[in-house]
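Comments concern the structure below.
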Protein chains: 2
Amino acid sequence: MHSDTHHESLKIPDEIRGLRMTRQRGEVYRILAEEKTHPTANEVFMRVKDRLPNVSLATIYNCLEALVQHGIVRQVNFDREPSRFCSNLADHGHFHDASTGVIHDIHFKPGVRLSDVLDLPDGALIDDVEITLRGRINSDS
Amino acid sequence: MHSDTHHESLKIPDEIRGLRMTRQRGEVYRILAEEKTHPTANEVFMRVKDRLPNVSLATIYNCLEALVQHGIVRQVNFDREPSRFCSNLADHGHFHDASTGVIHDIHFKPGVRLSDVLDLPDGALIDDVEITLRGRINSDS
DNA sequence: GATTAAAATTGGAATTGTTCTTGATAAAAT
DNA sequence: ATTTTATCAAGAACAATTCCAATTTTAATC
């Protein structure tokens with residue numbers, strides 16, 4: 001243990017992909033990197049306030065937008081619920097467990113290519129894929 | 001030609017899956033069945049007004065909700081954009097062409113099972129799948 | 001067919017997540 | 001040190017949707 005807080009803190013560089021890592025952007029990113037719970041903007045806000053008491057919700061939105069636009073975090077939407085954010089950049093989907101509310105990251109099985117699985121229109125160039133599953137986990141199986 | 005309007009109109013039963021087909025629900029459903037453009041609530045509203053000038057937007061929302069809840073139409077969400085609705089009940093995804101704004105229905109290739117493609121948690125029971133693609137169509141290919 | 005009961009519709013107000021605006025701060029460049 | 005530029009804060013504004021109370025329509029019963 002050597003950091004100034006009692007948990008291991010990530011080292012965040014001054015700049016990522018051309019985005020200047022200000023204090024508030026760094027804190028927003030830290031939350032997403034530490035927690036894998038896909039928090040909403042408001043949840044991030046509450047957690048960042050612990051370290052930056054004067055931060056505003058607008059700033060959280062600004063930071064999240066900047067991070068998303070620079071491809072540093074992903075924005076995930078379920079239906080019309082508040083957007084959620086995660087720092088897992090690997091191509092993955094999300095399974096929303098309706099009984100617990102927990103969101104699990106879902107990955108493709110190795111070797112699967114989207115075009116093998118889906119009937120895409122001729123010439124379709126895919127920029128982005130979002131796979132969302134809703135359901136529950138049957139504990140006794 | 002025998003209907004009272006100049007285009008072929010679908011025959012809509014008095015009741016579908018236990019949902020009473022009122023005038024406004026019928027008109028809302030008709031729009032979705034005729035058009036495959038995945039309209040928003042507001043777009044449905046404007047089209048229904050042609051036939052039912054006094055209809056209110058709240059009613060459109062009510063009707064859409066009733067239809068969705070009874071499994072008669074599907075609600076589709078892209079990011080945080082307004083919800084869209086479609087009457088195609090077959091299991092399918094949506095490809096959002098960024099250059100034209102057009103939404104194409106995407107189907108699985110025959111014989112593909114979700115569990116073959118995705119690494120699902122043990123005991124996961126999937127109620128609903130949503131696959132959203134964003135991209136563009138390369139005309140010269 | 002009139003009467004009652006239940007469901008649906010309407011119009012507007014309220015809500016909610018998010019974005020915008022403006023002025024203040026901080027950081028970088030000169 | 002001064003100017004320029006980017007970022008932040010606070011609250012107002014916004015847009016999609018939902019809620020609410022009052023009215024209308026439909027169905028059920030007499």
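Please read these numbers as outputs of a predicted model, since none were measured by experiment. Within every chain, numbering begins at 1; the chains are lettered A, B, ... in the order of the sequence lines, protein sequences first and strands thereafter.
One finds the NZ atom of B:Lys109 at 14.0 Å from the NE2 atom of B:His107 (value rounded to the nearest 0.5 Å).
Chain B approaches DNA chain D within less than 4.0 angstrom (heavy atoms of the protein), and the contacting nucleotides run 5' to 3' from D:dA16 to D:dA27.
Residues passing the salt bridge (Lys or Arg N to Asp or Glu O under 4.0 Å) test with B:Asp14, sequence neighbours excluded: none. Qualifying side-chain hydrogen bond (donor to acceptor under 3.5 Å, both in side chains) partners for B:His94, counting only residues two or more places apart in sequence or in other chains: B:His38, B:His92, B:Asp105.
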With the criterion being N/O to N/O and under 3.5 Å, what pairs connect the protein with nucleotides 17-20 of chain C, and how long is each?
from   : atom 1 : to      : atom 2 : distance (Å)
C:dT18 : OP1    : A:Ser83 : N      : 2.9
C:dT18 : OP1    : A:Ser83 : OG     : 3.2
C:dT18 : OP1    : B:Arg80 : NE     : 3.3
C:dT18 : OP2    : A:Tyr61 : OH     : 2.5
C:dT18 : O5'    : A:Tyr61 : OH     : 3.3

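Within the 4.0 angstrom heavy-atom criterion, base atoms lie near B:Thr59.
Counting heavy atoms from C-beta outward, A:Ser87 and A:Ile72 have side chains that stay 4.5 Å or more apart.
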B/S/- contact track for nucleotides 23-28 of chain C, protein heavy atom under 4.0 Å: -----S
Which atom pairs, one a donor and one an acceptor, fall under 3.5 Å between side chains of residues 123-133 of chain A and the rest of the protein, sequence neighbours left out?
from     : atom 1 : to       : atom 2 : distance (Å)
A:Asp127 : OD2    : B:Arg136 : NH2    : 3.4
A:Asp128 : OD2    : B:Arg134 : NH2    : 2.7

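A salt bridge does not link A:Arg47 to A:Glu43: none of the charged nitrogens lies less than 4.0 Å from a carboxylate oxygen.
In this structure, B:Asn54 places its CG atom 12 Å from P of C:dG12, rounding to the nearest Å.
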A:Asn77 vs B:Arg80, test: side-chain contact (heavy atoms from CB on, under 4.5 Å). Steps then yes/no. CA-CA 7 Å; A:Asn77 297 297; B:Arg80 306 230 88 239; 3.7 Å; yes
